[in-house]
2 protein chains.
Amino acid sequence: MKTLSRKEEIIKVAATLFRKKGYNAISMRDLAAEMDMKAASLYNHISGKQEILAAIILEVALEFTEGMESVMTQNSSSLKKLEGLIELHIDITLNHSEALAAVNNDWMHLEGENLSAFVKMRDGYEDNFRNIIKQGIETNEIKPHHPEVILFSILSTLRTLYLWQEKRGKLDVNVLKKDMVSVLIGGIV
Amino acid sequence: MKTLSRKEEIIKVAATLFRKKGYNAISMRDLAAEMDMKAASLYNHISGKQEILAAIILEVALEFTEGMESVMTQNSSSLKKLEGLIELHIDITLNHSEALAAVNNDWMHLEGENLSAFVKMRDGYEDNFRNIIKQGIETNEIKPHHPEVILFSILSTLRTLYLWQEKRGKLDVNVLKKDMVSVLIGGIV
DNA sequence: AATTCTAACTAACAACTGTTAGTTTTGTTC
DNA sequence: GAACAAAACTAACAGTTGTTAGTTAGAATT
């Protein structure tokens with residue numbers, strides 16, 4: 001358990017506040033109050049509100065990008081890669097549960113390079129995901145549905161995993177992974 | 001094609017603006033500019049910003065509630081009911097694509113009775129959805145997975161259908177419904 | 001003991017927020 | 001054309017926003 005720098009503390013607290021009401025609904029004074037300081041003091045540690053948002057979102061986006069690369073280079077079937085992606089999402093969600101609300105709902109409030117960097121990573125991630133599905137269909141591992149329907153259905157479930165806070169505690173991580181893979185890939189009937 | 005009242009116009013335009021950046025990021029002046037008027041003039045038609053948000057969200061919530069009741073009273077198998085719910089979501093999404101962003105992302109900015117009315121409808125809806133799944137498991141129509149996993153997986157896909165704007169145009173509604181039912185219930189393998 | 005650094009503070013800024021009051025324009029009805 | 005209601009307007013309000021400037025207290029380094 002490493003000790004957080006003051007800057008990291010601010011970013012972490014900000015993520016938990018953003019989670020509940022979103023980036024725009026939280027003021028620097030709200031954040032400062034939660035940190036037991038005055039708003040102006042925050043600027044000894046960060047350059048502005050935008051830097052906080054970028055730090056929260058881009059760190060997670062980078063982890064997804066790296067995780068995807070790792071899955072892509074693994075020499076295995078499309079289904080195994082899909083399984084890997086499901087596990088990737090679950091792992092990241094467990095490690096960054098607060099940040100994921102911002103990644104999903106506040107990314108559009110990123111500005112300039114922060115925004116374009118995020119969109120680029122996100123688009124690239126989706127492309128890779130789609131290609132894995134397409135390949136699975138070509139090799140007859142996956143039923144010949146429209147790839148967009150499959151992509152959308154799996155990805156939207158994985159992206160909203162962070163909302164599943166309370167129930168998660170009751171389920172073991174590995175059980176959750178197994179169930180998730182089974183439901184998303186094998187269906188429910 | 002009925003002609004909209006000025007109030008309905010305002011609410012509709014507000015929904016499209018809220019969709020892109022969220023409730024808090026859109027000011028009454030932004031909304032007025034999009035309507036080609038001054039912010040103060042909006043108040044000739046609506047009581048305040050909160051009324052707009054409530055109108056957008058509660059109308060859709062009510063449609064979901066009524067749709068659920070209609071499905072619940074239909075005398076059929078659990079799987080058929082699930083199919084009905086999938087179709088319900090697709091129909092509502094097509095008819096209220098702008099409003100659904102607010103329903104998903106801005107409901108927490110509702111206040112007072114608006115908020116409690118929404119939360120009540122939403123919780124009730126989820127309970128009914130869960131019960132249909134549970135019943136399907138009892139009757140062996142559905143694999144004995146943890147009901148929460150199934151509920152979460154299907155519901156999060158349906159709830160984010162509104163994000164699927166561009167691709168949707170290419171697919172016929174009935175094809176989409178069939179594919180969605182097939183993927184969500186039958187899986188992809 | 002003197003100096004530098006860190007991290008807090010107070011005070012203030014210009015811009016923006018939702019909203020109200022009062023007024024003027026517009027189009028319809030007698 | 002007078003009277004009326006609907007719907008726009010201008011001007012202003014009190015509060016909030018992110019941020020900057022300058023200051024100060026305590027700790028670390030010289």
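Chain A is the first sequence line, chain B the second, and so forth, proteins listed ahead of strands; every chain is numbered from 1. As the structure is a computational prediction, the values presented were derived from the model and not from experiment.
Atoms CD1 (A/I46) and C1' (C/dA8) sit 14 Å apart, rounded to a whole Å. The OH-P distance, from A/Y43 to C/dA12, rounds to 19 Å in whole Å. For the pair A/M37 CE and C/dC9 C1', the computed distance is 11 Å after rounding to whole Å.
Remark: the backbone N or O of B/Y23 is paired with a side-chain donor or acceptor of B/D106 at under 3.5 angstrom.
Side-chain contact check for A/D179 and A/S182: no donor-acceptor pair (N or O, by modelled atom type) lies under 3.5 Å. When only modelled atom types and interatomic distance are considered, B/T157 and A/T157 share a side-chain donor-acceptor pair under 3.5 Å. Counting only N and O atoms by type, the side chains of B/H45 and B/E9 include no donor and acceptor under 3.5 Å apart.
Closest-nucleotide positions on DNA chain D for A/G48 and A/N44 were compared, and the one nearer the 5' end corresponds to A/G48.
Taking every nucleotide of DNA chain D with any atom under 4.0 Å from a non-hydrogen atom of chain B, the first and last of them, 5' to 3', are D/dA7 to D/dA12.
The phosphate of C/dG18 has OP1 or OP2 within less than 4.0 Å of a side-chain N or O from B/K49.
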- request: Tell me, with the steps shown, if B/R130 and B/E148 meet salt bridge (Lys or Arg N to Asp or Glu O under 4.0 Å).
  value: CA-CA 7 Å; B/R130 189 182 293 107; B/E148 293 298 334; 2.6 Å; yes
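Taking every heavy atom of residues 10-30 of chain A and every atom of DNA chain C, pairs under 4.0 Å involve A/R29, by number.
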